[in-house]
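What follows is a set of notes on a single structure, which appears directly below.
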Amino acid sequence: MAARLFEEQEHAALYQKYRPTPPAEIRNLVLNYLQRKKGKPFGLAVDVGCGSGLSTRNLAPFFEKVVGIDVSGAQIEEAKKMGGLNNVSYRLGLAEELEFEDGSVDLVTAGTAAHWFDMEKFMKEVHRILKPKGCLALYCYRCPFELRYSACPEPLTQIVQEMFKALAPYESEKRQIVQNEYKEVFDAITFPDKERFDNIPFKRQVSISWVIGFIKSLSYYQTFQKKDPEAAKASLERMEQKLLQAMGVSSSETMLEMRLNAFCLLASKPE
Ligand SMILES: C[S@@+](CC[C@H](N)C(=O)[O-])C[C@H]1O[C@@H](n2cnc3c(N)ncnc32)[C@H](O)[C@@H]1O
């Protein structure tokens, strides 16, 4: 059964506000791979587990059409609210039942989503809908992330680690797939032509408030909040206070650098 941890409207709104757009490094890697394996034209891209559409809109300038699919109605609603791009649309749907014609899709992507899928069923669908030499790109990034502030000699690692220690009991077992950097996902890709790219660093300038919002958007923080709302709130407040103190500032709008490490699996359907 599909994961139902992203259903609530409030959670979807957090996604829209506090998730990083996938880095240009990954987008370029995927586009270069597609160019190398299949070549132009780039007709249709399908972004599965699109959430609020950050990963979907990111592909818009490069394809004739991009469709975002998600099992969560709240996420699809949030994505549709963004509007503004004529070649992008969103649909409610399952990774395991992709409603596209056989051999009609150039690229299937999933950003921070494939660990939730039934990979066997998903791969059957990917195989069916991709054009010959069409490509699959599955990427994700690791947590904990690193925070750096220019006036602090050391990264603010310990504060972040403490937060993730508090979240650990609320992680779904699917998170283990991310911690294993998608080893199982890679093994489950049935196309013989496949490769992986690890340790793709990317940075964002963000405020302390944004970091707090990002943590709130994590599915395991949402589980923590449901099971023990007081403790969940207190853990975030503690983190915020510790960051302010370590950075020697009084405003949570102070900017700092967030460093993440991504990995990306790429595969191409046989001819
Ligand atoms: C962590 S979010 C990623 C959102 C977006 N791709 C991004 O990069 O910001 C994972 C999304 O996958 C969706 N999802 C989980 N299992 C799914 C499935 N079996 N079929 C379709 N979507 C699924 C969830 O509803 C959620 O919106």
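Remember, it's a predicted structure, so these values are computed and weren't measured experimentally. Sequential numbering from 1 along the given sequence is applied to the chain's residues.
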### Task
Over 60° means perpendicular and under 30° means parallel, so classify the ring planes of Phe214 and Trp210, tilted if in between.
parallel
#### Entry: Side chains of Asp187 and Ile189 in contact at under 4.5 Å (non-hydrogen atoms)
no
### Task
Could I get the full list of side chain to side chain contact (heavy atoms under 4.5 Å, CB included) partners for Ala262, not counting sequence neighbours?
Ile26, Tyr141, Ile200, Phe202
### Query
Donor-acceptor pair, Asp102 side chain versus Ile129 backbone, under 3.5 Å?
no
#### Entry: Intermediate values then yes/no, side chain to side chain contact (heavy atoms under 4.5 Å, CB included), Leu244 and Ile208
CA-CA 8 Å; Leu244 289 168; Ile208 298 175; 3.7 Å; yes
### Message
Any heavy-atom pair between the side chains of Glu64 and Pro41 that's under 4.5 Å?
### Response
yes
### Summary
d(Arg204 CZ, Leu147 CG) to nearest 0.5 Å is 14.0 Å
### Task
Decide whether Leu260 and Val211 are clustered together by the hydrophobic rule: side chain heavy atoms of Ile, Leu, Val, Met, Phe, Trp, Tyr closer than 4.5 Å, transitively.
yes
### Message
Between Cys135 and Lys269, does the side chain to side chain contact (heavy atoms under 4.5 Å, CB included) criterion hold? Intermediate values first, please.
### Response
CA-CA 6 Å; Cys135 296; Lys269 179 177 163 174; over 6 Å; no
### Task
Establish whether Leu218 and Met258 are linked, either directly or via other cluster members, by ILVMFWY side-chain heavy-atom contacts under 4.5 Å.
yes
### Message
In the structure I gave you, are the side-chain heavy atoms of Val66 and Arg57 within less than 4.5 Å of one another anywhere?
### Response
no
#### Entry: Flag if over 12 foreign heavy atoms under 6.0 Å of CD, Glu195
yes
### Value rounded to 0.5 Å, distance of OH in Tyr182 from CZ in Arg196
10.5 Å
### Query
Less than 4.5 Å apart, any side-chain heavy atom of Phe224 and any of Pro229?
no
### Ser52 and Arg19: side chain donor to acceptor below 3.5 Å
no
### Heavy-atom check, side chain of Ser72 versus side chain of Asp70, under 4.5 Å
yes
### Task
Can you label the angle between the Phe63 ring and the Phe42 ring as parallel, tilted or perpendicular, going by 30° and 60°?
parallel
### Message
Do Phe191 and Phe263 sit in one hydrophobic cluster, given that two such residues count as connected whenever their side-chain heavy atoms are within less than 4.5 Å of each other, even indirectly?
### Response
yes
### Query
Under 6.0 Å from the CD atom of Glu184, do we count more than 12 heavy atoms belonging to anything else shown?
yes
### Task
State, yes or no, whether a side-chain contact exists between Arg259 and Glu257 at a heavy-atom distance under 4.5 Å.
yes
## Note on the structure
Note: Gly134 and Lys38 closest approach over all heavy atoms is CA-CD, 4.0 Å
## Note on the structure
Nearest heavy-atom contact between Leu266 and Ala137 is CD2-CB, 3.5 Å
### Message
Please report whether the ring centroid of Phe164 lies less than 6.0 Å from that of Phe145.
### Response
yes
### Message
Counting only heavy atoms from other residues, nucleotides and ligands, does the tally under 6.0 Å from CD of Glu101 exceed 12?
### Response
no
### Query
Judged by atom type as modelled, is there a donor-acceptor pair below 3.5 Å linking the side chain of Glu96 to the main-chain atoms of Asp118?
yes
### Message
Any carboxylate oxygen within less than 4.0 angstrom of a Lys/Arg side-chain nitrogen, looking at Lys233 and Glu237?
### Response
yes
### Message
Distance to the ring centre below 6.0 angstrom and angle to the axis at most 45 degrees; does that hold for Arg175 and Tyr170?
### Response
no
### Message
Quick check: is Trp116 connected to Tyr221 through a chain of hydrophobic side chains (ILVMFWY, heavy atoms under 4.5 Å apart)?
### Response
no
### Task
Assess whether side chain to side chain contact (heavy atoms under 4.5 Å, CB included) is satisfied between Val71 and Leu92, documenting all intermediate values.
CA-CA 6 Å; Val71 70; Leu92 197 59; 5.9 Å; no
### Query
Counting heavy atoms not belonging to Glu97, are there more than 12 under 6.0 Å from its CD?
no
### Message
Between Lys183 and Glu181, does any NZ, NE, NH1 or NH2 come within less than 4.0 Å of an OD or OE carboxylate oxygen?
### Response
no
### Query
According to a 4.5 Å side-chain heavy-atom criterion applied to Ile, Leu, Val, Met, Phe, Trp and Tyr, with indirect links allowed, do Val67 and Val48 form part of one hydrophobic cluster?
yes
### Task
Go through the side-chain N and O atoms of Asp47 and Thr109 and say whether any donor and acceptor fall under 3.5 Å apart.
yes
### Query
For atom NZ of Lys131, is the number of surrounding heavy atoms from other residues, nucleotides or ligands below 6.0 Å larger than 12?
yes
#### Entry: Inter-residue atom distance Thr223.OG1 - Glu171.CD, 0.5 Å rounding
10.0 Å
### Query
With a 4.5 Å heavy-atom cut-off, do Pro192 and Pro270 have their side chains touching?
yes
### Summary
In short, Ser55 meets Cys50 closest at the heavy-atom pair OG-O, 3.9 Å
### Task
Working to the nearest 0.5 Å, report the span between CD of Glu230 and OG of Ser235.
11.5 Å
#### Entry: side chain to side chain contact (heavy atoms under 4.5 Å, CB included) between Gln222 and Leu14, worked out
CA-CA 11 Å; Gln222 293 287 317; Leu14 282 170; 3.5 Å; yes
### Task
Starting at CG of Leu34, measure out to NZ of Lys133 and round the result to the nearest 0.5 Å.
12.0 Å
### Distance, nearest 0.5 Å, that separates NZ of Lys194 from CG of Leu136
10.5 Å
#### Entry: Leu167 vs Met163 side-chain heavy atoms within contact, under 4.5 Å
yes
### Task
Under the ring pair (Phe, Tyr, Trp, His ring centres under 6.0 Å) rule, collect the residues that match up with Phe122, sequence neighbours excluded.
Phe117
## Note on the structure
Ala60 and Val88 have their tightest heavy-atom pair at CB-CG2, 3.5 Å
### Message
Evaluate Asp193 against Lys37 for salt bridge (charged side-chain N to carboxylate O under 4.0 Å, His left out), listing each step before the verdict.
### Response
CA-CA 10 Å; Asp193 188 1; Lys37 296 291 172 182; 3.0 Å; yes
## Note on the structure
Heavy atoms of Ser252 and Glu240 approach each other most closely as OG-OE2, 2.6 Å
### Message
Could you check whether atom CD of Glu99 has more than 12 heavy atoms from other residues, nucleotides or ligands sitting under 6.0 Å from it?
### Response
no
#### Entry: For Arg142 against Asn199, the heavy-atom pair lying closest together
NH2-OD1, 3.1 Å
### Task
Indicate whether the side chain of Asn32 and that of Arg27 have a donor and an acceptor atom separated by less than 3.5 Å.
no
### Task
Could you tell me whether the side chains of Thr157 and Glu146 share a donor-acceptor contact shorter than 3.5 Å?
no
### Glu162 with Lys165: basic N within carboxylate O range, under 4.0 Å
no
### Task
Please step through salt bridge (charged side-chain N to carboxylate O under 4.0 Å, His left out) for the pair Lys81 and Glu77, ending with a clear verdict.
CA-CA 6 Å; Lys81 272 189 213 162; Glu77 281 315 306; over 6 Å; no
